[in-house]
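All values below were derived from every heavy atom in this structure, side-chain atoms included, with hydrogens, water molecules and symmetry-related copies excluded. Numbered from 1 within each chain, the chains take letters A, B, ... in sequence-line order.
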There are 2 protein chains.
Amino acid sequence: MKQDIDNSRYRAQQVLVSAGIKPSFQRLMILSFIMNAHIHPSAEEIFQNLKPEIPTLSRTTVYNTLNLLVEKGVLLPLTISEHETRYDPNTGSNHSHFFCHHCERIFDIQEVPACVAGQELEGHLVENVRLYLTGVCRECRSKE
Amino acid sequence: MKQDIDNSRYRAQQVLVSAGIKPSFQRLMILSFIMNAHIHPSAEEIFQNLKPEIPTLSRTTVYNTLNLLVEKGVLLPLTISEHETRYDPNTGSNHSHFFCHHCERIFDIQEVPACVAGQELEGHLVENVRLYLTGVCRECRSKE
DNA sequence: TTGTCTGCAAAACATTTGCATACTG
DNA sequence: CAGTATGCAAATGTTTTGCAGACAA
């Protein structure tokens, strides 16, 4: 157990350092939680889970850290839940997400499926498909 | 001009009635604005645009109406902008959305492209691709 | 008249900002 | 010591809720 914790913190430390982020205790704990919990947590979930272990932790630090990690490309922010941003530590692979509106969990879907609502996918009932592209539009590009 | 307004209100009225929604004046104006402006507006944009014409309009009514229209399947809520929900009156066709993070406009993309970040699409520079599926997960289904 | 729609005011909720204190190199 | 990180308190922005009056069938 102790070994596992050490390992996951070590992996988180590696990620922070190679992204050029100073691996403070709070940042280490926050990223380590996100990487190991596999629940695509919200800021509030992170805060609630770490609060018992780090009683001085504040929401501000959680938000500061999340914004920094997104900026540095360590985390992907997901707006699939309509109420809060959730965070995915898997920034490398080209995968999709499935949001269950009952339990509010987010599942990784490994292949990007050419699928249609009403279908089944890995046992989940897909009611809704939304493809979101972001970037810079034609007109804004020409103004740069 | 007058004719155009009458036509668009008439179309909005048809949509409301066939969705089983009582076509009150405020609802008619809100849906008609969304259907004709083609800008995937936010609640605030709707409010600001209609306020001069309907000085008594309140944000509450805008939110009530939007929630009702989403519930009845008349509008799609888009969470592509991280700060606010935006609304799409085109619920039928299976299209995607492009969000420009400069001008904050949302463009309809007619085909669902098998595209990758860094690519160009209809002149827009795509920096980010996110496929969001929602529905009921395997475990929640088995509990029903 | 009965129920629904509207809109004000207040609340709720996620997130950000200002600022002072505490670390860390 | 200098610069950055942390965290409290207050502010912000979006959305919801409670409730009372207005409207429509």
What is the distance, rounded to the nearest whole Å, between atom [atom1] of [X] and atom [atom2] of [N]?
| X | N | atom1 | atom2 | result |
| --- | --- | --- | --- | --- |
| Tyr87(A) | dA14(C) | OH | P | 12 Å |
| Arg59(B) | dG7(C) | CZ | C1' | 12 Å |
| Leu50(B) | dG7(C) | CG | C1' | 15 Å |
| Leu57(B) | dC5(C) | CG | P | 16 Å |
| Glu44(A) | dT15(C) | CD | P | 9 Å |
| Glu84(B) | dT15(C) | CD | P | 15 Å |
| Lys22(A) | dT24(C) | NZ | C1' | 7 Å |
| Asn67(A) | dT16(C) | CG | C1' | 9 Å |

message = Ring-plane angle category for His124(A) and Phe107(A), please: parallel below 30°, perpendicular beyond 60°, tilted otherwise.
response =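 The rings of His124(A) and Phe107(A) sit tilted, inter-plane angle from 30° to 60°.
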inquiry  = Taking only side-chain N and O atoms of Thr61(B), does any of them lie within less than 4.0 angstrom of OP1 or OP2 on dG7(C)?
reply    = yes
inquiry  = Please compare Pro55(B) and His83(B) by the position of their nearest nucleotide in DNA chain C and report the one closer to 5'.
reply    =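 Upstream on the strand: Pro55(B).
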message = I need the Asn90(B) CG to Ile34(B) CD1 distance, nearest 0.5 Å.
response =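 Here the interatomic distance stands at 13.0 Å.
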Inter-residue atom distance His40(A).NE2 - Leu75(A).CG, 0.5 Å rounding = 10.5 Å
Among dT16(C), dT15(C), dT6(C), the one nearest Arg27(B) by side-chain distance = dT6(C)
task = Would you indicate which nucleotide in dT4(C), dT15(C), dG7(C) comes nearest to any side-chain atom of Tyr63(A)?
result =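 Taking heavy atoms from C-beta onward, the closest nucleotide is dT15(C).
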query = Contact boundaries of DNA chain D with chain A (under 4.0 Å, heavy atoms), 5' to 3'?
reply =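 Contact boundaries, 5' end first: dT4(D) to dA9(D).
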ask   = Looking at Thr61(B), Thr65(B), Ile54(B), Leu57(B), which one forms a side chain to side chain contact (heavy atoms under 4.5 Å, CB included) with Met29(B)?
value =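 Output: one option passes, namely Ile54(B).
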query = For the side chain of Ser24(B) and the base of dC5(C), is some donor closer than 3.5 Å to an acceptor across the two?
reply = no
request  = Establish, yes or no, whether a centroid distance under 6.0 Å links the rings of Tyr132(A) and Tyr132(B).
outcome  = yes
query = Got Glu139(A) and Arg105(B) here, is their nearest side-chain heavy-atom distance under 4.5 Å?
reply = yes
message = side-chain contact (heavy atoms from CB on, under 4.5 Å) for His97(A) and Leu133(B)? Distances and angles first, verdict last.
response = CA-CA 6 Å; His97(A) 295 98; Leu133(B) 314 170; over 6 Å; no
message = Over all strands shown, is Thr56(B) touching base, sugar-phosphate only, or nothing at heavy-atom distances under 4.0 angstrom?
response =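 The residue Thr56(B) makes sugar-phosphate contact but no base contact.
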